[in-house]
Amino acid sequence: MMFMDLNELRKRFSPSKPQISDAIDASRAQVPRPMASSFNFIAANVTKTFAALLIILPVLITFFLIYRNPNSDHRFSPFADARVLDPKSSFTTSQSSENAEVANDKLLGGLLPSGIDEASCLSRYQSFMYRKTSSFKPSTYLISKLRKYEELHKRCGPGTQPYNEALKQLKSGNETAVPTECNYVVWMSYSGLGNRILTVSAAYLYALLSNRVLLVDPGTDMTDLFCEPFPSISWFLPQDFPLYKKFENFNQKSSRCHGFMLKKNLLNATNASTEEVPPYLYLHLGHDYNDHDKLFFCDEDQTLLNKVPWLIMRTDNYFVPSLYLIPSFEEELFKLFPEKVAIFHHLGRYLLHPTNEVWGLITRYYNAYLARADERIGIQIRTFEEGPGPFPHVNDQILSCISKEKLLPEVDKDDLSFSSSKNPRSIAVLVTSLDAGYSDSLRELYWEHPTVTGEAVGIFQPSHEGFQQSHKKNHNRKAWAEMYLLSLSDKLVTSAWSTFGYVAQGFGGLKPWILYKPEDKKTPNPACGRAMSIEPCFHAPPFWDCKAKTGIDTGKLVPHVRHCEDISWGLKVVDGREEL
């Protein structure tokens with residue numbers, strides 16, 4: 001438009017061109033009038049300058065709009081790290097690059113499959129807007145393995161022909177299994193929500209390693225809390241599954257219990273290649289499992305289990321560390337997770353997406369209380385004390401930890417410090433606890449006294465249910481929302497022994513400060529310590545050398561599996577560089 005009107009502008013703002021004879025006469029008449037000549041010269045230059053400005057000014061404005069910083073005021077944006085794309089930008093190369101970067105973030109670096117309906121599960125493709133890009137990148141081998149598993153699940157999931165063929169073995173009543181096109185591991189819904197999030201992730205990893213299809217018992221609330229993770233075919237076990245009614249009666253003395261059959265010499269893992277196996281086995285891997293149940297973590301038993309079409313698994317343990325001690329799995333684990341400490345970080349974010357109802361709880365709270373803060377600190381408090389709280393020694397422990405580790409600014413109890421800034425740096429502290437007393441104490445501290453740094457500290461607690469109510473749907477919705485909110489923190493404090501905290505640190509990729517478990521109602525010294533890795537702790541690992549057939553400290557066999565900071569007998573995966 002600017003170039004089309006250029007001639008018109010010149011005509012409008014330039015003097016009319018006189019005839020030659022008139023110009024000669026005019027020049028003769030104007031010879032004695034030098035001031036008039038100067039005036040015409042100045043007017044002509046002003047006119048040209050004005051015309052040039054009309055041309056250049058729109059160009060300058062355009063460049064300003066393109067190159068100005070769209071995120072100059074982070075304090076008022078709930079998505080401080082999100083990139084806004086201008087679909088009308090003429091810089092197509094830059095735009096394509098930025099689109100590709102956002103698409104990669106949206107799929108969590110390739111973890112997530114593309115093309116799943118977004119409206120049915122908003123959190124799947126929106127979560128990247130609420131957290132910083134993870135420093136842990138999934139390996140290309142893991143991404144390839146996930147896509148291959150999705151194809152396997154599509155081919156063998158509920159309702160498919162291979163699934164129906166495998167079901168026939170359960171319905172036939174035959175005592176001996178025959179080979180099937182697809183083998184399955186069924187995860188039983190068991191224990192509290194934090195345990196379930198960890199164990200379903202561990203069961204999925206086992207499915208990847210053993211080339212099985214994972215099917216999830218929906219229990220009372222799994223479908224209310226979590227979206228479907230795979231394209232096309234559900235991962236939830238159909239209600240007409242033939243063994244469903246037996247689930248609640250499965251125990252360590254069940255006739256098809258793996259450990260029980262080994263104990264009674266009804267199975268012989270040493271002759272696994274020729275041993276006949278039943279169509280299904282029940283795997284009891286809960287915290288109360290016995291020495292025979294624990295043989296699940298031996299290579300020769302895995303060879304035997306490979307022949308069983310259906311494995312029914314009950315566990316409340318994140319048993320991943322002991323999978324590293326099974327020689328036939330070790331190499332594959334190294335390929336899947338070159339960064340060994342990111343196993344749950346990747347698998348949890350791949351599998352477990354909050355449903356729209358839970359996502360609403362998360363986003364509404366985040367946008368209302370946390371989004372505008374310059375820094376977010378999460379403090380997860382779980383006590384195992386008897387009697388009603390809050391407990392003074394736990395309150396002292398929290399204050400000691402955040403002070404010594406400099407997680408929050410000190411307060412000036414003499415009230416001599418005042419911030420002169422109208423908009424001081426802000427810190428939002430998210431506290432999760434069954435009791436409101438601990439957050440109340442922190443809130444009063446930072447309301448009644450200024451910080452020595454001039455920073456503003458806000459304390460927020462979404463709920464305080466009083467006691468754990470795992471059987472209630474709304475209670476579990478809030479619990480899942482709070483775990484997720486904690487994972488959006490910049491720094492995190494968790495409580496020893498708590499799977500609630502393990503979930504938050506894993507999803508967030510955060511190495512937390514752990515509040516040690518108090519003994520005899522006394523504040524521990526030190527009050528807290530930094531975790532070795534972001535991986536959860538396996539609370540009840542086996543202490544058995546499968547080859548030597550003797551007891552052994554499994555926390556000292558390999559450099560990347562160590563004893564936990566919060567449970568001395570537990571095991572966790574570390575990066576292998578820490579000292580023994």
Side-chain angles (χ1 to χ4, degrees), residues 74-75 80 130-132 135 365-366 369-383 389-413 417 419 424-433 435-462 482-498 500-518 523-534 564-566:
H74 289 286
R75 290 180 60 81
Y130 286 82
R131 64 171 83 250
K132 295 177 181 178
S135 61
Y365 198 91
Y366 182 88
Y369 302 107
L370 307 176
R372 292 167 180 81
D374 295 297
E375 184 178 21
R376 287 167 284 275
I377 307 294
I379 303 179
Q380 181 259 334
I381 304 166
R382 177 74 164 95
T383 62
F391 301 99
H393 64 280
V394 174
N395 197 58
D396 291 342
Q397 180 182 9
I398 297 166
L399 294 175
S400 175
C401 176
I402 62 177
S403 174
K404 290 183 178 179
E405 300 298 336
K406 302 186 184 306
L407 298 174
L408 288 176
E410 297 286 347
V411 297
D412 178 6
K413 293 192 175 181
S417 301
S419 174
R425 184 175 184 274
S426 62
I427 302 173
V429 181
L430 176 71
V431 177
T432 65
S433 175
D435 196 306
Y438 302 111
S439 63
D440 286 344
S441 177
L442 280 172
R443 187 178 297 109
E444 289 177 6
L445 178 67
Y446 283 97
W447 182 31
E448 294 175 357
H449 305 287
T451 61
V452 295
T453 60
E455 294 167 298
V457 178
I459 312 296
F460 307 99
Q461 180 170 347
E482 290 182 15
M483 291 183 215
Y484 206 97
L485 284 167
L486 282 170
S487 78
L488 303 178
S489 304
D490 298 306
K491 297 175 183 176
L492 182 63
V493 178
T494 62
S495 295
W497 295 32
S498 176
F500 197 107
Y502 295 162
V503 171
Q505 71 192 47
F507 268 79
L510 301 166
K511 190 186 290 187
W513 284 264
I514 303 172
L515 295 168
Y516 296 127
K517 187 173 180 292
T523 300
N525 186 18
C528 63
R530 196 76 185 272
M532 289 184 288
S533 78
I534 67 174
C564 307
E565 307 89 346
D566 53 338

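This chain uses plain numbering: 1 for the first residue, then up along the sequence.
A donor-acceptor pair shorter than 3.5 Å cannot be found between the side chains of Thr523 and Asp396. A donor-acceptor contact under 3.5 angstrom links the side chains of Arg131 and Ser487, judged on distance only.
A distance-only check finds a donor-acceptor pair linking the side chain of Gln380 to the backbone of Ser495 [under 3.5 Å]. Side chain of Tyr446 to main chain of Pro409: a donor-acceptor pair is present (N/O by atom type, distance under 3.5 Å, no hydrogens or angles). Of the possible polar contacts, none joining the Glu565 side chain to the Ala531 backbone as a donor-acceptor pair under 3.5 Å is found. For the pair Gln461 (side chain) and Ser433 (backbone), a donor-acceptor distance under 3.5 Å is present. For the pair Glu455 (side chain) and Leu408 (backbone), a donor-acceptor distance under 3.5 Å is absent. Within the 3.5 Å criterion, the main-chain N or O of Ala436 finds a donor-acceptor partner in the side chain of Ser439. Checking side-chain atoms of Tyr369 against main-chain N and O of Val429 turns up no donor-acceptor pair under 3.5 Å. In this structure, the side chain of Asp566 engages the main chain of Trp497 through a donor-acceptor pair within 3.5 Å. Checked by atom type and distance alone, the side chain of Ser489 never pairs as donor or acceptor with a backbone atom of Arg376 at under 3.5 Å.
The number of heavy atoms from other shown groups lying within 6.0 Å of CZ (Phe460) is above 12.
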Exercise. Yes or no on side-chain contact (heavy atoms from CB on, under 4.5 Å) for Ile459 and Trp447, after CA distance, side-chain angles and deciding distance?
Worked result: CA-CA 9 Å; Ile459 312 296; Trp447 182 31; over 6 Å; no
For this session: Could you check Leu486 against Thr432 for side-chain contact (heavy atoms from CB on, under 4.5 Å), going step by step and ending with a plain yes or no?
Result: CA-CA 8 Å; Leu486 282 170; Thr432 65; 3.4 Å; yes
Problem set entry | Check against side-chain contact (heavy atoms from CB on, under 4.5 Å), Ile402 and Ile379 | CA-CA 10 Å; Ile402 62 177; Ile379 303 179; 4.2 Å; yes
For this session: Would you sort out whether Asp490 and Lys132 count as a side-chain contact (heavy atoms from CB on, under 4.5 Å), showing the intermediate values?
Result: CA-CA 9 Å; Asp490 298 306; Lys132 295 177 181 178; 3.3 Å; yes
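Closest heavy-atom contact between Ser426 and Asp374: N-OD2, 2.9 Å. Taking every heavy atom of both residues into account, Cys401 and Trp513 meet most closely at SG-CB, 4.5 Å. Closest of all the heavy-atom pairs between Gln505 and Ser533 is NE2-O, 4.1 Å. Considering all non-hydrogen atoms of both residues, Gln397 and Tyr516 come closest at NE2-O, 2.7 Å. Across all non-hydrogen atoms, the minimal contact from Tyr438 to Ile398 is CD2-CD1, 3.9 Å. For the residue pair Asp412 and His449, the shortest heavy atom distance occurs at O-CB, 3.8 Å.
Within the 4.5 Å cutoff, no side-chain heavy atoms of Thr383 are placed close to those of Asp435. Looking at heavy atoms from C-beta onward, Tyr365 lies in side-chain contact with Leu430 at the 4.5 angstrom threshold. Contact annotation: the side chain of Pro390 never approaches that of Asn395 to less than 4.5 Å [non-hydrogen atoms, C-beta and beyond].
Atom CD1 in Ile377 sits 9.0 Å away from atom CG in Leu492 (nearest 0.5 Å). To the nearest 0.5 Å, the span separating OH on Tyr366 from CZ on Arg372 amounts to 10.0 Å. Between Arg530 atom CZ and Ile514 atom CD1 the span is 10.0 Å, to the nearest 0.5 Å. Between the NZ atom of Lys404 and the CG atom of Asn525 there is a distance of 5.0 Å, given to the nearest 0.5 Å.
Taking a cutoff of 4.0 Å between a charged side-chain nitrogen and a carboxylate oxygen, Lys491 and Glu375 qualify as a salt bridge.
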